[in-house]
K.L.:
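Next up is a structure, given as structure tokens.
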Protein chains: 2
Amino acid sequence: MDKQTITIYDVAREANVSMATVSRVVNGNQNVKPATRKKVLEVIDRLDYRPNAVARGLASKKTTTVGVVIPDVSNTFFSSLARGIDDVATMYKYNIILANSDGNDQKEINVLNTLLAKQVDGIIFMGHHITEEIRGEFSRSKTPVVLSGSIDPDHQVGSVNIDYKEATSDSVSLLAENGHKKIAFISGSLLDPINGKMRLEGYKKALKSAGIKYSEGLIFESEYNYKAGETLATRILNSGATAAFISDDELAVGILNGLTDAGVNVPDDFEIITSNNSLLTEIARPRLSSITQPLYDIGAVSMRLLTKMMNKEEVEEKTIILPYTISKKDSTK
Amino acid sequence: MDKQTITIYDVAREANVSMATVSRVVNGNQNVKPATRKKVLEVIDRLDYRPNAVARGLASKKTTTVGVVIPDVSNTFFSSLARGIDDVATMYKYNIILANSDGNDQKEINVLNTLLAKQVDGIIFMGHHITEEIRGEFSRSKTPVVLSGSIDPDHQVGSVNIDYKEATSDSVSLLAENGHKKIAFISGSLLDPINGKMRLEGYKKALKSAGIKYSEGLIFESEYNYKAGETLATRILNSGATAAFISDDELAVGILNGLTDAGVNVPDDFEIITSNNSLLTEIARPRLSSITQPLYDIGAVSMRLLTKMMNKEEVEEKTIILPYTISKKDSTK
DNA sequence: CTGAAAGCGCTAACAT
DNA sequence: ATGTTAGCGCTTTCAG
């Protein structure tokens with residue numbers, strides 16, 4: 001890997017000091033006489049010396065690298081989180097090893113293991129659900145872990161999220177207040193803690209306080225993509241629903257376009273509220289009303305939390321809930 | 001960083017062999033008696049031994065990680081490339097250190113240096129332009145570099161792209177064939193090699209063969225985002241253009257919506273052809289006709305090329321051009 | 001087929 | 001303030 005052959009030893013020799021001293025100036029240790037420091041820096045510059053981070057990692061047991069497990073970088077939801085993560089990582093001098101898992105349990109395990117083998121100082125994990133096996137790996141590794149935009153059922157590791165239950169409840173209530181009695185709940189797998197537990201609970205809560213009875217027929221599980229939405233549109237109409245809460249923007253736009261193509265007018269005949277307030281909600285016509293999740297911030301805060309954990313600082317609360325808002329646009333009245 | 005204290009030495013002792021032998025079985029060296037291998041594997045499993053990749057990297061001078069410099073992960077254009085990169089990286093047992101550069105020259109240099117300090121085995125670079133300084137770093141580092149979706153003016157490093165000039169020319173010709181005389185060219189900075197040289201050349205070429213004279217007034221430089229597009233719409237109308245080639249989808253949708261909101265009917269009054277065929281072109285109404293770039297493949301092929309270079313295999317051609325197509329949808333007639 | 005031993009380049013006590 | 005000396009955990013000759 002290394003092509004440069006200039007080591008700390010070369011610098012030491014050229015500067016007539018010991019490698020310890022060179023190491024000190026490289027690491028900003030104050031116990032170095034200014035004159036010596038200057039001399040060393042001059043040699044470092046002249047020789048174009050670049051400390052070998054691998055050797056450093058081996059000796060110090062710190063790699064200043066954190067592993068990021070992500071279902072899919074090309075999904076804007078996750079890449080927004082990733083951007084927040086990388087920005088604060090950079091701020092704290094860490095680098096990111098990014099690994100796609102496809103949300104696949106086995107891959108998650110594999111990836112986690114290679115990350116740990118690479119001695120990352122910490123891990124940020126994104127995924128729709130945390131399997132028992134993954135949780136087991138987390139606990140026996142001692143490497144700090146933070147879940148970003150994912151729920152940890154028993155708060156063993158750090159996590160940063162919004163309050164999905166409340167956000168969903170608020171959204172559904174908004175629909176209920178507009179007079180809808182048949183409100184569809186359209187989401188990913190109900191087996192996921194966020195979709196199945198938090199969101200569905202929020203949905204039910206809103207129905208309850210609006211005095212609407214829950215009906216299985218209005219619950220739709222779908223993949224999170226545009227095509228799935230287009231296809232789903234007619235099924236939703238057939239269910240008799242006149243409004244829908246949707247947990248993914250791409251899916252929501254698919255449904256919106258599917259509905260529109262079927263001659264349904266949104267919001268006059270059907271109201272929609274989606275969940276991520278991504279650019280898609282702005283592009284769609286009508287523009288989609290949506291929960292606004294601070295995705296970038298969730299990523300940024302996750303990384304900040306992780307830096308504290310890696311630094312062994314005391315963290316008062318490692319389950320962080322960030323605020324959300326509801327952005328009313330043109331798909332609701 | 002490491003919490004596990006089980007080293008190769010522990011395994012060696014437990015298995016009554018030398019660490020050299022353990023190393024051999026871990027690395028799949030064939031010179032190990034099956035019985036010995038079995039015994040070692042059994043101990044590895046029992047002790048839950050996981051080789052320390054950092055130590056391995058120091059000793060072998062190979063980190064099996066590659067650095068990826070990306071302007072912005074949260075931009076779908078780049079994250080699509082990134083996904084292709086990571087998938088083949090995984091396939092070849094490499095990991096990815098992802099670093100955002102914001103397309104900022106200084107950050108690119110910084111990031112490149114920390115990547116090299118981390119002893120990455122290779123680098124994939126994405127960016128709109130390659131500065132002299134960056135090129136200088138590339139050449140003196142000896143670490144293999146591949147540009148993904150970026151042009152290298154003098155083919156010093158590997159690169160994977162489509163033929164931007166031809167793709168643009170084809171698109172503009174399509175517009176010209178539909179009878180348009182005033183075709184706008186809307187792109188990012190003309191100082192970028194791709195936008196300024198390749199694409200603009202393609203545009204001019206198409207005009208020429210259609211017998212249309214080039215006019216400065218139809219050239220628009222813009223940022224690549226939705227809002228910029230909306231704003232730009234009226235200026236484009238005022239230019240007298242009746243069709244436009246646009247080099248970014250988000251920008252294109254902004255222009256489309258801006259035009260539509262201004263009462264212009266696309267494609268009857270104005271035709272549009274954009275460049276990335278992303279999901280946005282599908283979501284927009286009317287759906288946008290577009291050049292289809294194999295983004296995922298560009299990333300995948302880049303990484304594949306890099307693996308060859310890292311492996312010191314002979315590569316016949318390190319400047320790879322992938323095919324594109326033109327996908328006609330509803331924004332052209 | 002297996003072991004011994006010398007590093008890889010750097011950090012971190014421990015001395016001085 | 002600076003130098004000495006062990007390692008960090010693993011790969012890799014070189015012997016045998």
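Proteins come first, then strands; the chains are lettered A, B, ... in the order of their sequence lines, and each starts at number 1. All of these numbers come straight from a predicted model, not from anything done at the bench.
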K.L.:
Which nucleotide in the list dC10(C), dG3(D), dT2(D) gets nearest to the side chain of Val17(A)?
P.N.:
dG3(D)
K.L.:
Is there a side-chain contact between Thr7(B) and the phosphate of dG9(D), meaning an N or O under 4.0 Å from OP1 or OP2?
P.N.:
no
K.L.:
Compute the ring centroids of Phe78(A) and His128(A), then answer whether they are less than 6.0 Å apart.
P.N.:
yes
K.L.:
With a cut-off of less than 4.0 Å, is there a side-chain N or O of Asn52(A) near OP1 or OP2 of dC10(C)?
P.N.:
no
K.L.:
Given atom CZ of Arg37(A) and atom P of dT2(D), what is their separation to the nearest angstrom?
P.N.:
9 Å
K.L.:
Rounded to the Å, how far apart are Arg13(A) CZ and dC10(C) C1'?
P.N.:
16 Å
K.L.:
Determine, step by step, whether Ser23(B) and Asn27(B) satisfy the side chain to side chain donor-acceptor pair (under 3.5 Å) criterion, reporting the C-alpha distance in whole Å, the side-chain angles of both residues, the deciding distance to 0.1 Å, and the verdict.
P.N.:
CA-CA 6 Å; Ser23(B) 176; Asn27(B) 292 295; 3.2 Å; yes
K.L.:
Take the protein atom CG of Leu58(A) and the nucleotide atom P of dA6(D), then report the distance between them rounded to whole Å.
P.N.:
18 Å
K.L.:
Would you call Lys308(B)-Glu314(B) a salt bridge at under 4.0 Å N-O?
P.N.:
no
K.L.:
Before accepting this row, confirm whether a basic side-chain N of the pair Asp87(A)/Arg304(A) lies closer than 4.0 Å to the acidic partner's carboxylate O.
P.N.:
no
K.L.:
Take atom OH of Tyr9(B) and atom P of dG3(C), then tell me their distance rounded to the nearest Å.
P.N.:
12 Å
K.L.:
State whether the side chain of Asp10(B) and the backbone N or O of Thr7(B) hold a donor-acceptor pair below 3.5 Å, judged by distance alone.
P.N.:
yes
K.L.:
At less than 4.0 Å, is any side-chain N or O atom of Thr21(A) found next to OP1 or OP2 of dT2(D)? Yes or no.
P.N.:
no
K.L.:
Is Asp192(A) reaching over with its side chain to a backbone N or O of His129(A), donor-acceptor style, under 3.5 angstrom?
P.N.:
no
K.L.:
Which letters describe nucleotides 11-16 of chain D, given B = protein heavy atom under 4.0 Å from base, S = only from sugar-phosphate, - = neither?
P.N.:
BB----
K.L.:
With a cut-off of less than 4.0 Å, is there a side-chain N or O of Lys61(A) near OP1 or OP2 of dC10(C)?
P.N.:
no
K.L.:
Only one of Thr64(B), Asn52(B), Thr63(B) passes side chain to side chain donor-acceptor pair (under 3.5 Å) with Lys118(A); say which it is.
P.N.:
Thr64(B)
K.L.:
Check the distance between dT2(C)'s P and Asn16(B)'s CG and give it to me in whole angstrom.
P.N.:
13 Å
K.L.:
Please report, rounded to the nearest Å, how far the P atom of dC14(C) is from the CG atom of Asn31(A).
P.N.:
16 Å
K.L.:
To the nearest Å, how far apart are Asn29(B) CG and dG3(C) P?
P.N.:
13 Å
